[in-house]
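Below is one structure, written out as structure tokens; comments come after it.
Every number for a ligand or one of its atoms is a count from 1 in the order of the listing.
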Amino acid sequence: MIATKEPAPETKPDEPRDLIDTSKMSSGQRAALEMTEAARETSREGTFASKLFMGDFDLAGIRPYPLQSTEDRDQGDAFLQQLEKLLREKVDPDEIDRTGEIPQSVIDALAKLGAFGIKISPDYGGLGLSQTNYCRAAALLGGFCGNLTALISAHQSIGVPQPLILFGTEEQKRKYLPRVAKGEISAFALTESGVGSDPATVQTHAEPIEDGNTFILNGDKLWCTNGTKAGVLVVMAKTPPKVVRGKSKDQITAFIVETDWPGVEVTHRCRFMGLKALYNAVVKFTNVRVPRENILLAEGKGLRVALSTLNTGRLTLPAACLGLSKRCLEISRKWAASRVQWGAPIGKHAAIADKLARMAASTFAIESMTWLAASRVDHDKHADVRLEAAMCKMWGSEQAWEIANDAVQIRGGRGYETAASLKARGEEPIPVERFLRDCRINTIFEGSSEIMRLFIAREALDPHLKVSGAVLNSKFPMGERLKAAVKAAGFYAAWYPKQWLPLEFFKIRSASRIQNRASSILVRHLRYASRMSRKLGRSLFHAMVRNGPKLERQQLLLARFVEIGTEIFAITASCLRAERLLETASEKNDDVLATVDYFCRGSRLRIEERFRAIGRNNDKACSVGCPCSADVGELSLHGSVRSVLHRNPLVD
Ligand SMILES: Cc1cc2nc3c(=O)[nH]c(=O)nc-3n(C[C@H](O)[C@H](O)[C@H](O)COP(=O)(O)OP(=O)(O)OC[C@H]3O[C@@H](n4cnc5c(N)ncnc54)[C@H](O)[C@@H]3O)c2cc1C
């Protein structure tokens, strides 16, 4: 490939992409980091979740909790009622699971209803519903059939509609949006056999010909959901590198590719542990001619397209997890009330009651977090919900897995038995084993849990990096670093003492329109969240001072900060939503209050455990499981165990 030249921009220490010291990284690590940094959206003014990590517990804009407007709710209801009717009357999710196929009649009926164009504007043939209503549809599907959820959401959240709505030219929108809104299925193709979490190593490539008016696309894409049914794909491919600041930089470009073009071929349909009817494909591209006008956003901006698409696209998954969690809770409650063992309904035994309480509390929290983030997108189409959406995705998918697992446990042997087998011997065909299988993938795709923690940690560290990144970056000249150090010292001299001031007592007041007892419980939890946010800001700062640039590589330590921040977000969203529900309820709602109180108490224990583990953990010993040390021979693995035992592994 021939590199094209671009004028070298002047290096400024406070440019985000220069804030991380990459000088001691391997070339692969550096390439991956530089590419994602370049594609990263830079924050405008910070959001509730990002400010949390700086000890700034800022409720402006989220208190009162934004409930859906009646008009928007009515619009959503009209569609959801039809969707629910269709699911009830025309869809058998267990049959779909058993056969591994979604009947074409179901796909056609969904298309007729407009389910493939929920968020697409009516100007382009869609329903033009809000993000909240789209998430409500995902929740409805999520509690019914994972295969349909994946079909609809891969099409709309990551397939052609979302990136086209965000970045398409008017010409592209006119050409493709009416087609996909009507039901032409679309898909998103990034993953390759060597490209999973790290997109920098994409091998599929597109070479410009005919003065750059056409690209010739070659390569293989793996695990492309909807790939076997899709008429149109978003394909991420490498295009010729550019020279930036004297260095050749790889470029990734997003192309809209039609599957009936010569050279596009589905070579394999992948099958999985769950989601048995996923139309997931290996797609091969051989000398496919793609016109330049099918580039999304611009040449070299593919990763930006993918990351921005996922920022809101990622909200679909926690919404679907919410639907699944509600269904599991409903099944478990019913069973726990009717199944009698050892002289009492199993729900009366503390071990099962505890599970039910946790399921209900986590479900309420997933819902509160997801609707809060979705409402911000409805309020402002360009709202920065990167952190909130990532937290919802990471936390929601992990909790949903726990909830499905608990549902299997509560159903006992029947939880492990398939719906078909239950039915054949005359019992109600309750499909919790299907839910468990189907929801396992949620912590892996659309950003695995581990990658979500890194992503959130990067955003959490951003304000600190902006202030002090240049001080720690050995790439900068000493004079520059000293100047930055003086600036940083000024900032922290003002910021740090504030992190010790318990101002929440004055800042967070009771909501006046609800009962005193309810109000005082919720305010107590909100003040706790605010206090923990200050502690989080301080602890993150201490970790930066202790670890310097190495902090960026301390995944286990960073994960604890991320988990604390996410729990604080969950407590806050739950309390604010409860406050609003109690304010608007015609009668007092003790269930909501009890659920939120239970959730916050559990969350406090998790937060405290994470803070404790920052200073007292087993992190250094984790190399015992590393295959790299086993590689060097048994002795080294045993040696490392021995040295771990002789050191005190519990002290960081
Ligand atoms: C059912 C299914 C549907 C899918 N649909 C699509 C689709 O429509 N389009 C598409 O493009 N892709 C799709 N994918 C791909 C999916 O997004 C990837 O599986 C996911 O990105 C993870 O990549 P990987 O499986 O290669 O895991 P790897 O990247 O190899 O990771 C393996 C493990 O290591 C962890 N890990 C990786 N890097 C790090 C790190 N730096 N630090 C800590 N931990 C790390 C991961 O979290 C994971 O636990 C799908 C996959 C499946 C299974």
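A salt bridge links Glu459 with Arg386: the closest approach of a Lys/Arg side-chain nitrogen to an acidic carboxylate oxygen falls below 4.0 angstrom. A salt bridge links Arg98 with Glu95; the closest basic N to acidic carboxylate O contact falls under 4.0 Å. Using a cutoff of 4.0 Å between basic side-chain nitrogens and carboxylate oxygens, Glu398 and Arg606 are not scored as salt-bridged. Using a 4.0 Å cut-off between a side-chain N of Lys or Arg and a carboxylate O of Asp or Glu, Lys175 and Glu184 do not qualify as a salt bridge.
Comparing Ser197, Ser153, Cys224, Ser449 against atom 31 (O) of ligand 1, the shortest heavy-atom distance belongs to Ser197. Between the choices Phe188, Phe272, Phe445, the shortest heavy-atom distance to atom 16 (C) of ligand 1 belongs to Phe445. Closest heavy-atom approach to atom 26 (O) of ligand 1 within the set Ala281, Ser193, Gly196: this belongs to Gly196.
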Derivation and outcome, side chain to side chain contact (heavy atoms under 4.5 Å, CB included), residues Tyr176 and Glu258: CA-CA 10 Å; Tyr176 288 109; Glu258 301 191 25; 2.6 Å; yes
Kindly determine whether Ile441 and Phe272 satisfy side chain to side chain contact (heavy atoms under 4.5 Å, CB included), including the steps that lead there. CA-CA 9 Å; Ile441 187 62; Phe272 302 99; over 6 Å; no
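Those atoms of ligand 1 with a heavy atom of Leu278 less than 4.0 angstrom away are 1 (C). The distance from ligand 1 to the heavy atoms of Ile444 drops below 4.0 Å at these ligand atoms: 20 (C). Less than 4.0 angstrom separates some heavy atom of Ser448 from each of these atoms of ligand 1: 46 (C), 47 (O). For ligand 1, the atoms lying closer than 4.0 Å to a non-hydrogen atom of Leu454 are 40 (C), 41 (N), 42 (N).
Distance check for atom 33 (C) of ligand 1: every protein heavy atom is found at 4.0 Å or beyond.
In terms of protein heavy atoms, atom 15 (C) of ligand 1 is closest to Thr191 OG1, 3.1 Å. The protein heavy-atom contact nearest to atom 42 (N) of ligand 1 is Gln555 NE2, 2.9 Å. Nearest protein heavy-atom neighbour of atom 44 (N) of ligand 1: Glu450 CB, 3.6 Å. At the top of the distance list for atom 39 (C) of ligand 1, counting protein heavy atoms only, stands Ile451 CD1, 3.7 Å. At the shortest separation from atom 13 (C) of ligand 1 among protein heavy atoms lies Trp223 O, 3.2 Å. With hydrogens left out, the protein atom closest to atom 5 (N) of ligand 1 is Thr225 OG1, 2.8 Å, a heavy atom.
The environment of Lys301 atom NZ is sparse: at most 12 non-hydrogen atoms of other residues, nucleotides or ligands sit within 6.0 angstrom. Counted within 6.0 Å of NZ on Lys173, heavy atoms from surrounding residues, nucleotides or ligands total more than 12; the atom is thus considered enclosed.
Note: no N/O pair closer than 3.5 Å links Leu222 and ligand 1 by distance alone. Below 3.5 Å of separation, one finds no N or O of Asp198 facing any N or O of ligand 1. Backbone and side-chain nitrogen or oxygen atoms of Ile441 are examined, and none is located within less than 3.5 angstrom of a nitrogen or oxygen of ligand 1.
A side-chain contact (heavy atoms from CB on, under 4.5 Å) with Leu296 is found for exactly one of Val160, Val234, Thr253, Leu166, namely Val234. Each of His542, Glu552, Gln554, Arg553 was checked for a side chain to side chain donor-acceptor pair (under 3.5 Å) with Asn547, and the lone residue meeting it is Gln554.
Judged as a side chain to side chain contact (heavy atoms under 4.5 Å, CB included), and not counting sequence neighbours, the contacts of Ala187 are Cys224, Asn226, Ala230, Leu233.
Looking at Val195 against ligand 1, nothing comes within 4.0 Å, counting heavy atoms.
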